[in-house]
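Everything on this sheet refers to the single structure shown next.
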Amino acid sequence: MMQENEELAVEKVSRFREVVELIAEELNGRIVQYYGDGSLLLFQSSTDAADFAKLLQEDLHNEPQVPVRIGIHMGDVLVHEGNIFGDVVNIASRIQALAPAGGVYLSEVVYRNIVNKKELESVFIREEKLKNVKDPVRIYQLITAHSLELLSSQPVAAAEAQAVPAKSIAVLPFANLSSDPQQDYFSDGLTEDIITQLSKIRAYKVISRTSVMQYKHHTKSAKEIGKELGVSLILEGSVQRHADQVRITAQLINAVEDEHIWADSYDRPMHDIFSIQREVALAIAAVLNTTLTRKETQELDYIPTTDLQAYDLYLRGKLLIEKRSKPDTLMARDFFQQAVDSDKSFAAAYSGLSDSYLLSSFRGYEDPVKTLWLAKKNIDHATSLDSFSGETQASLGYWYFQNFDWHAAELTYRRAISLNANQSNVYLWLAILLQAKGELEESIKVYDQGIVINPMWDFLLKNKLIALANMNKQDEAEELQLSRIEKAGKDTNLKFSRYAELARLYNSFNRKADALEAAKKSGDLALIKYFSEGDSSQLIKRVDDHYQEMKRRSEYISALWMGLDYAHAGARETAINCFNNAIALREAGVSLLLIRDFEFIDIKYLNMALITRKVKQLINF
């Protein structure tokens with residue numbers, strides 16, 4: 001590079017050294033020496049070294065890019081007069097030379113030390129005979145945000161490559177064997193709690209409850225379900241509750257081979273319910289030869305409440321709030337409130353209560369001035385009870401976002417994920433924030449991370465679709481929408497609404513004929529009239545009637561959400577007026593206006609230019 005452009009080469013080396021020194025200091029790394037455009041560093045642990053390598057590559061991927069190869073090995077070293085000596089240096093150097101530009105290669109000894117770190121995933125590349133090293137070395141590549149394209153060009157050993165992670169688990173809804181069908185909420189809640197317990201073990205990828213609920217009354221084999229959810233293990237079971245006694249059975253199945261691995265049953269008093277959940281998680285860890293860290297063991301030992309009535313009420317609220325509708329959100333709030341009234345030390349119930357206010361605020365169900373204040377009050381209470389709760393940190397991040405402090409929101413969302421990486425709602429909220437900032441590529445990555453643990457949750461899929469449309473990735477957006485239509489299954493109303501979305505998607509790509517055909521499949525006569533005649537009057541009348549009815553019932557009306565409805569109906573001036581009113585009122589959801597919506601009709605980018613400028617003035621980026 002010096003021969004081609006000396007100034008650029010010096011700039012890149014300077015940037016390289018600056019970033020190396022900054023990140024090394026953060027992770028207590030010691031820079032032993034620089035040599036030319038390379039460096040040799042020493043860390044106290046393989047985790048610190050891998051963290052350093054991952055952060056360094058992700059930073060140097062940004063412009064101006066610096067193409068760096070990294071090799072990591074672990075072993076004894078001799079330190080003498082500021083230099084270090086030993087085979088560890090030679091092997092690390094040889095491994096580094098084999099790595100692709102932008103990649104991080106690890107020796108097997110390093111891989112074995114970080115294999116249970118969920119945030120430090122690696123893939124086997126090959127076994128290599130290194131110069132001046134007696135035995136062949138097995139080499140792994142550390143997965144970074146930008147390493148997937150490198151993997152496609154690397155020869156991966158067939159024996160090691162797997163379609164799904166070896167420790168990926170789906171917990172199917174536990175069957176309710178009680179005589180009372182009203183106890184379904186308890187079996188569903190138990191399913192969620194076991195998912196939560198398993199998620200505390202960082203080595204596991206655990207599918208979220210939302211995605212497994214479709215298999216509640218399934219007839220599919222474990223093999224079929226494993227393939228659909230992308231997991232290698234299935235946990236299923238049953239629960240029978242009678243008075244103050246509970247009987248729980250559970251069995252673990254290898255979904256790849258459809259083979260039984262482990263089974264057990266538990267007959268206990270109801271007050272032992274948390275012990276049973278912990279025992280199931282520990283039994284699975286033992287079967288899968290998973291070594292738990294001290295922190296993971298402490299988290300599994302944690303009991304959220306000793307009040308079974310409060311726990312019962314919390315389960316009811318937790319299952320309702322997932323539905324996100326106004327009646328369900330308000331009913332969930334009532335259950336959470338009863339739970340905290342019953343046990344004033346129940347941190348998770350306070351967190352659930354805060355979420356009911358936050359969702360209601362953002363979705364325009366209630367006045368955000370009141371709901372945001374009440375949300376923060378409950379977040380503070382939850383934090384005082386459990387400051388390391390990933391769920392409470394998620395709620396706090398959502399509160400920051402709705403109060404337009406995006407800098408604090410992004411940091412808090414990421415902290416929530418580090419505390420509990422199985423919160424698909426946090427991936428959704430973080431990706432929306434990044435999308436609204438214009439970081440579309442990064443938002444897609446975050447959506448995909450959420451989809452891995454909750455592949456059937458439509459909120460993630462729909463918002464990823466919006467991001468793809470805004471990146472003009474027409475083929476990918478169309479494919480995703482068609483898959484959402486297919487996932488609607490036999491729900492004809494849902495299928496019709498998704499065909500309507502497909503029509504609007506085609507319209508945003510200026511594919512008028514395709515838009516009309518999709519509208520016809522939706523059965524929406526008002527939409528068909530618009531795409532065939534350019535007449536949006538019926539779409540607008542439908543929105544008019546809806547808000548007239550809300551006014552008649554004296555319901556709270558959000559200017560933002562009313563504007564979105566009119567924008568979807570093609571009433572441009574009315575929508576713009578609503579948006580301006582929402583900004584003046586500082587409604588919590590106006591940040592959505594920074595994301596172009598393919599469902600808008602007759603509203604172009606220029607119509608929104610002044611609106612987006614006003615919204616940005618509210619935000620601390």
Side-chain angles (χ1 to χ4, degrees), residues 118-119 121 164-165 167-174 184-185 187-216 218 220 222 225-237 250 252 255 277 280-281 284 299-300 304 314-324 328 332 348 351-352 355 359 389-395 397-398 413-414 416-432 445-464 483-484 487:
K118 200 169 186 178
E119 67 280 8
E121 294 184 62
V164 293
K167 293 183 179 180
S168 50
I169 305 174
V171 182
L172 300 188
F174 274 51
D184 265 12
Y185 78 89
S187 57
D188 290 348
L190 177 69
T191 305
E192 172 141 343
D193 281 349
I194 291 176
I195 289 171
T196 301
Q197 289 290 73
L198 289 171
S199 300
K200 292 174 182 176
I201 303 174
R202 305 297 189 270
Y204 299 160
K205 182 195 93 173
V206 188
I207 299 296
S208 292
R209 177 187 169 277
T210 316
S211 286
V212 299
M213 282 311 293
Q214 64 175 311
Y215 301 104
K216 186 165 183 175
H218 71 92
K220 295 181 178 180
I225 296 171
K227 187 175 181 181
E228 289 177 8
L229 293 177
V231 295
S232 59
L233 299 162
I234 298 286
L235 180 70
E236 62 181 17
L252 188 67
Q277 294 166 11
V280 170
I284 291 172
E299 288 178 353
L300 288 172
Y314 170 75
L315 287 183
R316 293 174 187 264
K318 193 91 165 97
L319 299 176
L320 278 168
I321 203 166
E322 285 182 0
K323 299 178 182 178
R324 299 293 204 263
D328 288 320
S351 183
D355 283 349
L359 286 168
S389 164
E391 292 78 3
T392 303
Q393 288 297 313
S395 303
Y398 202 22
Y413 285 152
R414 295 190 186 279
I417 290 171
S418 71
L419 290 167
N420 179 359
N422 220 60
Q423 301 181 87
S424 47
N425 59 319
V426 189
Y427 293 105
L428 174 68
W429 296 341
L430 174 58
I432 287 174
K445 289 170 188 167
V446 176
Y447 282 129
D448 286 341
Q449 289 169 353
I451 290 167
V452 165
I453 60 171
N454 205 346
M456 303 296 179
W457 197 34
D458 194 59
F459 288 107
L460 284 165
L461 299 174
K462 173 66 182 292
N463 281 279
K464 179 184 175 181
S483 74
R484 290 179 67 230
K487 283 177 181 174

Check: With a 4.5 Å limit on heavy-atom distance, are the side chains of L229 and P455 in contact?
Finding: yes
Next item on the list: Side-chain contact test, heavy atoms from C-beta onward, threshold under 4.5 Å: evaluate it for D188 versus R209 and give yes or no.
Entry: yes
Next item on the list: Any chance you could lay out the side-chain contact (heavy atoms from CB on, under 4.5 Å) test for Y185 and L320, step after step, and finish with the verdict?
Entry: CA-CA 10 Å; Y185 78 89; L320 278 168; over 6 Å; no
Notebook entry, point to check: Do we see a donor-acceptor contact under 3.5 Å between the side chains of E228 and Y215?
Noted result: yes
Note to self: I need the minimum non-hydrogen distance between L419 and R202, along with the two atoms involved.
What the structure shows: O-NH2, 3.7 Å
Next item on the list: Please tell me if the side chains of L252 and L235 come closer than 4.5 Å, counting only heavy atoms from C-beta onward.
Entry: yes
Note to self: With a 4.5 Å cut-off on side-chain heavy atoms, are Y447 and I432 touching?
What the structure shows: yes
Notebook entry, point to check: Taking atom CD1 of I234 and atom CD1 of I207, what is their separation to the nearest 0.5 Å?
Noted result: 9.0 Å
Next item on the list: Check step by step if side-chain contact (heavy atoms from CB on, under 4.5 Å) holds for I284 and I169.
Entry: CA-CA 10 Å; I284 291 172; I169 305 174; 4.2 Å; yes
Check: Got a donor-acceptor contact below 3.5 angstrom from the S168 side chain to the S232 backbone?
Finding: yes
Margin query: Any non-hydrogen side-chain atom of E121 less than 4.5 Å from a side-chain atom of K205?
Written below: no
Item checked: Inter-residue atom distance T191.OG1 - L315.CG, 0.5 Å rounding -> 10.0 Å
Check: Which atom pair, heavy atoms only, marks the closest approach of V446 to Y427?
Finding: CG1-O, 3.3 Å
Margin query: Taking side chain to side chain donor-acceptor pair (under 3.5 Å) as the criterion, tell me which of E391, K200, Q393 meets it with N420.
Written below: E391
Notebook entry, point to check: Hey, is the main chain of M456 close enough, under 3.5 Å, to the side chain of S211 for a donor-acceptor pair?
Noted result: yes
Next item on the list: Please report the shortest heavy-atom distance between S424 and I453, naming the atom on each side.
Entry: N-CD1, 3.9 Å
Item checked: Under 3.5 Å: donor-acceptor pair, side chain of Y398, backbone of V426 -> no
Notebook entry, point to check: Is the side chain of N463 donor-acceptor paired with the backbone N or O of F459 at a distance under 3.5 Å, no angle test?
Noted result: yes
Margin query: Does any part of the side chain of L461, heavy atoms only, come nearer than 4.5 Å to the side chain of I451, both counted from C-beta?
Written below: yes
Next item on the list: Using a cut-off of 6.0 Å, state whether more than 12 heavy atoms not belonging to Q214 lie near its atom CD.
Entry: yes
Next item on the list: Taking all non-hydrogen atoms of both residues into account, name the closest pair between F174 and S187 and its distance.
Entry: O-CB, 3.4 Å
Check: With a 4.5 Å limit on heavy-atom distance, are the side chains of K227 and K220 in contact?
Finding: no
Check: Charged N to carboxylate O under 4.0 angstrom, K464 versus D448?
Finding: yes
Check: Sub-3.5 Å donor-acceptor pair from the side chain of D193 to the main-chain atoms of Q277, do we have one?
Finding: no
Check: Less than 4.0 Å between a side-chain N and a carboxylate O, is that true for K216 and D184?
Finding: yes
Note to self: Distance check, rounded to the nearest 0.5 Å: Q197 atom CD versus L300 atom CG?
What the structure shows: 5.5 Å
Next item on the list: Kindly give the heavy-atom pair with the smallest separation between K318 and I321, and that separation in Å.
Entry: O-CG2, 3.5 Å
Checklist line | Validation row: Q423, I417 side chains within 4.5 angstrom (heavy atoms) | finding: no
Note to self: Ignoring hydrogens, what is the shortest heavy-atom contact between N422 and S208? Give both atom names and the distance.
What the structure shows: O-OG, 3.7 Å
